[in-house]
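Structure first, then comments.
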Amino acid sequence: MYMFLKSGRVSYGGMITAAMVVLLYLSCVFENCSLFCLAAAAFLGGVTTWQRGWKDGLLVSAAAGVLGAVLLPNKWYVLTYAAFVLYVFAWECLEHFFSKKQRMLAWILKGILYHVLLISAVCSYVYVFGFQQLVQGFLLTVLQHSKILFGLAAVLLAEVVWIVFDRAYAVFRIKWSQWMHRAGADGSSRL
């Protein structure tokens, strides 16, 4: 019986890891939705943590990260994925240890983590490629000439991305739970 349970855990972890690697690879293929694919891969790691435990969640996320580092042509996407995974694990940890009354403290801690990750990502990108590379290609001409306007737009966009990412993970977790409950209730096999 123990061997059956262990093989079920391994097969579940393997399928989730494979799905995560596919999402990581798709982030390089479809550049327009790369953040979506990277976030979805991190979400799968978070759900594995929530359903199967910290050990399984860390293993599948680490395995997907290592395979992504080997397979993906753009290594910056692997670093972005790692930041997403770190945030999702912090989300899971804070949801587990803080009660409903302490939600504001959990939100503040998540905000601090997000901003530390954001500042380190921007600084490392600017340090490696330079400010002109960061600005070039995706900003309006007006923003390219005004660093103050660029900074304000970047800060506002970063805050919106944080709130959307945080709420999207919360909704994903609820929908995944409902889907798994329905799949178990009607006799269908789970992943």
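- Gln51 CD to Arg173 CZ: the interatomic distance, rounded to the nearest 0.5 Å, is 9.0 Å.
- Between the side chain of Thr80 and the backbone N or O of Trp76 there is at least one donor-acceptor pair closer than 3.5 Å.
- At a threshold of 4.5 Å between side-chain heavy atoms, the hydrophobic network of Ile, Leu, Val, Met, Phe, Trp and Tyr places Val47 and Trp179 in one connected group.
- Lys110 NZ to Ile112 CD1: the interatomic distance, rounded to the nearest 0.5 Å, is 12.5 Å.
- No donor-acceptor contact under 3.5 angstrom links the side chains of Trp54 and Glu92, judged on distance only.
- Between Trp176 and Trp50, the closest side-chain pair of non-hydrogen atoms falls below 4.5 Å.
- Residues Tyr25 and Leu35 share a single hydrophobic cluster, defined by chaining ILVMFWY side chains whose heavy atoms lie under 4.5 Å apart.
- A side-chain donor from one of Tyr87 and Asp166 sits under 3.5 Å from a side-chain acceptor of the other.
- For Phe165 and Phe84, the ring centers are positioned less than 6.0 Å apart.
- For the atom pair CD1 (Ile16) and OG1 (Thr48), the distance works out to 4.5 Å, reported to the nearest 0.5 Å.
- No side-chain heavy atom of Met15 sits under 4.5 Å from any side-chain heavy atom of Met20.
- A distance of 7.5 Å separates CG of Asn74 from OG of Ser27, quoted to the nearest 0.5 Å.
- Counting heavy atoms from C-beta outward, Phe89 and Ser61 have side chains that approach closer than 4.5 Å.
- How far CG of Leu72 is from CG of Leu38: 8.5 Å, rounded to the nearest 0.5 Å.
- Under a cut-off of 6.0 angstrom, the local environment of CZ in Phe172 is crowded, with over 12 non-hydrogen atoms contributed by other residues, nucleotides or ligands.
- Within the 4.5 Å cutoff, no side-chain heavy atoms of Leu109 are placed close to those of Leu113.
- Considering only heavy atoms from C-beta on, Cys28 comes within 4.5 Å of Tyr77 through its side chain.
- Residues Val78 and Leu24 are not in side-chain contact: their nearest non-hydrogen atoms beyond the backbone lie 4.5 Å or more apart.
- Leu26 and Phe36 sit in two unconnected hydrophobic clusters of ILVMFWY residues. Membership requires side-chain heavy atoms under 4.5 Å apart, directly or through other members.
- Expressed to the nearest 0.5 Å, how far CZ of Phe43 lies from OH of Tyr169 amounts to 8.0 Å.
- The hydrophobic clustering, which links ILVMFWY residues whose side-chain heavy atoms are closer than 4.5 Å, places Val161 and Leu117 together.
- Hydrophobic clustering of Ile, Leu, Val, Met, Phe, Trp and Tyr side chains at less than 4.5 Å, counting indirect connections, keeps Ile163 apart from Val171.
- Thr49 has its side chain out of reach of Leu58: every pair of non-hydrogen atoms, C-beta onward, lies at least 4.5 Å apart.
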| side chain to side chain contact (heavy atoms under 4.5 Å, CB included) between Leu156 and Val160, worked out | CA-CA 6 Å; Leu156 287 174; Val160 168; 5.7 Å; no
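- Residues Leu23 and Tyr81 have side chains not in contact (no heavy-atom distance under 4.5 Å, counting atoms from C-beta outward).
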